[in-house]
*Asks:* 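Dropping a structure here in structure tokens format, bear with me for questions.
Just so you know, these numbers come straight off a predicted model, no measurement behind them.
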Amino acid sequence: MNDADCGRVSGLVLQQHHLVRGDALQGVNEPVRGRWYAIRSGQFKSFQADQHGKPCITRFASEGDLLGLDSLDLDRYTDSTTALCDSTVCEFSYPQLIEAARHFPGLARSLEWRLSKQLGQQQELGLLVRCDYAEQKFAQFLSHQAWKGGDQNDHVPQLHLALSRKEIADYLDLTHATVTRMISHLQELGIISVRYRQLRLLDRPALHQIAAGQHPASKGSASTASDNTDHHPAWQPMPGIHLLSPE
């Protein structure tokens, strides 16, 4: 959009919400009120309770994503959304935004592009969660995060993962120990480096190989046995995997 259209969109912001880690943007059974939110900075998770009352993460969202699209036809929210780090969102009225889009094409095109892209991302993430193989599932998740949040022209993308390893494990239907093991293994192969929650993708092609179900060549010749908790019997464990104690 041009500067004029951007100015018009800014004028449609009802208010900005500044949240810190753990703050709730919206909760289960709260009225929707025809609102949606654009994430200006930060990261969020949405979750629902399963039949046993355990929270199940349904989505991660970050800068540029829209929140609330799946609830616009509901009276009340069916999930909760909380901030994973210090975050800012802009609150919009859905009816006002749609009406404004009728009068300037730039906003309409931007909304169509964003909605189409976000739907595609949700479909991709839904497929990876159903993947049978832990290594492939985890590599697809990291590839998606790098594609979504990193500069595609950057040879060494750096990602800030505000979500914890346990949150990643819950989302991918893996164990915390398995996610820790995957991170350790990818570091041993020189594919990623991790310091606290800063992750650098050092070898994008190798990560894409694993995401496609292939095994990149290991830098070391040592191989250890791997548990079969998160593996299909036909899936051969990657060399060098070892189980770390959860942090």
Side-chain angles (χ1 to χ4, degrees), residues 1-49 55-123 125-126 144-145 147-151 158-164 167-168 170-171 197-198:
M1 294 186 292
N2 57 38
D3 290 343
D5 286 349
C6 288
R8 292 177 183 178
V9 173
S10 296
L12 294 171
V13 175
L14 299 180
Q15 60 180 316
Q16 287 194 20
H17 300 272
H18 302 281
L19 305 97
V20 300
R21 180 175 176 83
D23 282 352
L25 178 64
Q26 49 86 8
V28 174
N29 291 326
E30 289 185 3
V32 175
R33 298 179 296 116
R35 298 290 194 261
W36 62 358
Y37 304 90
I39 303 177
R40 185 170 184 177
S41 64
Q43 298 183 30
F44 290 81
K45 67 176 180 181
S46 297
F47 55 92
Q48 297 175 333
C56 294
I57 297 175
T58 57
R59 183 188 175 199
F60 291 115
S62 57
E63 181 177 341
D65 286 336
L66 300 175
L67 295 170
L69 298 179
D70 53 351
S71 302
L72 288 173
D73 60 341
L74 302 176
D75 293 327
R76 296 183 179 275
Y77 290 106
T78 58
D79 60 7
S80 298
T81 299
T82 62
L84 290 166
C85 58
D86 291 355
S87 306
T88 301
V89 298
C90 297
E91 179 180 342
F92 292 91
S93 164
Y94 176 70
Q96 289 181 10
L97 202 58
I98 295 303
E99 180 61 28
R102 302 178 192 275
H103 301 289
F104 50 101
L107 175 59
R109 287 193 299 269
S110 180
L111 286 176
E112 289 174 356
W113 175 82
R114 170 54 58 188
L115 294 174
S116 175
K117 182 177 180 180
Q118 194 157 315
L119 178 61
Q121 291 173 354
Q122 291 176 349
Q123 291 174 336
L125 287 172
H144 181 269
Q145 296 300 313
W147 171 79
K148 181 174 178 293
D151 184 351
Q158 181 165 307
L159 307 173
H160 175 70
L161 296 179
L163 49 156
S164 68
E167 289 168 330
I168 296 175
D170 290 345
Y171 181 61
R197 291 187 179 180
Q198 296 296 327

*Asks:* Working to the nearest 0.5 Å, report the span between CG of Leu66 and CG of Leu111.
*Replies:* 7.5 Å
*Asks:* Determine which pairs satisfy side chain to side chain donor-acceptor pair (under 3.5 Å) with at least one residue from residues 83-98, sequence neighbours left out, and list them in order.
*Replies:* Gln15-Glu91, His17-Glu91, His18-Thr88, Arg35-Glu91
*Asks:* Do you know the tightest heavy-atom contact between Ala83 and Leu19?
*Replies:* CB-CB, 4.0 Å
*Asks:* Are Ser46 and Thr58 close enough, and set up right, to give a side chain to side chain donor-acceptor pair (under 3.5 Å), and what steps lead you there?
*Replies:* CA-CA 6 Å; Ser46 297; Thr58 57; 4.9 Å; no
*Asks:* Which residues pass the side-chain contact (heavy atoms from CB on, under 4.5 Å) test with Val13, not counting sequence neighbours?
*Replies:* Gln16, Cys90, Phe92
*Asks:* Taking CG in Asp75 as the centre, count heavy atoms belonging to other residues, nucleotides or ligands within less than 6.0 Å. Is the count above 12?
*Replies:* no
*Asks:* Rounded to the nearest 0.5 Å, what separation is found between the CG atom of Leu25 and the NZ atom of Lys45?
*Replies:* 14.0 Å
*Asks:* Glu30: which residues meet the side-chain contact (heavy atoms from CB on, under 4.5 Å) condition with it, sequence neighbours left out?
*Replies:* Gln26, Tyr77
*Asks:* Which heavy atom in Pro95 sits nearest to a heavy atom in Gly34, and how many Å separate them?
*Replies:* CD-O, 3.8 Å
*Asks:* To check you understand the geometry: which heavy-atom pair defines the closest contact between Leu107 and Leu97, and what is its length?
*Replies:* CD2-O, 3.9 Å
*Asks:* Working to the nearest 0.5 Å, report the span between OG1 of Thr81 and CZ of Phe44.
*Replies:* 8.5 Å
*Asks:* For the residue pair Cys85 and Gly42, what are the closest heavy atoms and their distance?
*Replies:* SG-CA, 3.8 Å
*Asks:* Can you confirm whether Trp36 sits close enough to Leu69 that some side-chain heavy atom of one is under 4.5 Å from a side-chain heavy atom of the other?
*Replies:* yes
*Asks:* Heavy atoms, side chains only, cut-off 4.5 Å: are Phe60 and Glu167 in contact?
*Replies:* yes
*Asks:* For residues Cys56 and Phe47, determine if any side-chain heavy atom of one lies less than 4.5 Å from a side-chain heavy atom of the other.
*Replies:* no
*Asks:* If I take atom CG from residue Asn29 and atom CZ from residue Arg76, how far apart are they, to the nearest 0.5 angstrom?
*Replies:* 6.5 Å
*Asks:* Of the non-hydrogen atoms in Ser62 and Gln43, which two are nearest, and what is the gap between them?
*Replies:* CB-CG, 3.8 Å
*Asks:* Salt bridge check: are Glu112 and Arg109 linked by an N-O gap of less than 4.0 Å?
*Replies:* no
*Asks:* Compare every heavy atom of Ala24 with every heavy atom of Thr82, then report the nearest pair and how far apart it is.
*Replies:* CG2-CA, 3.9 Å
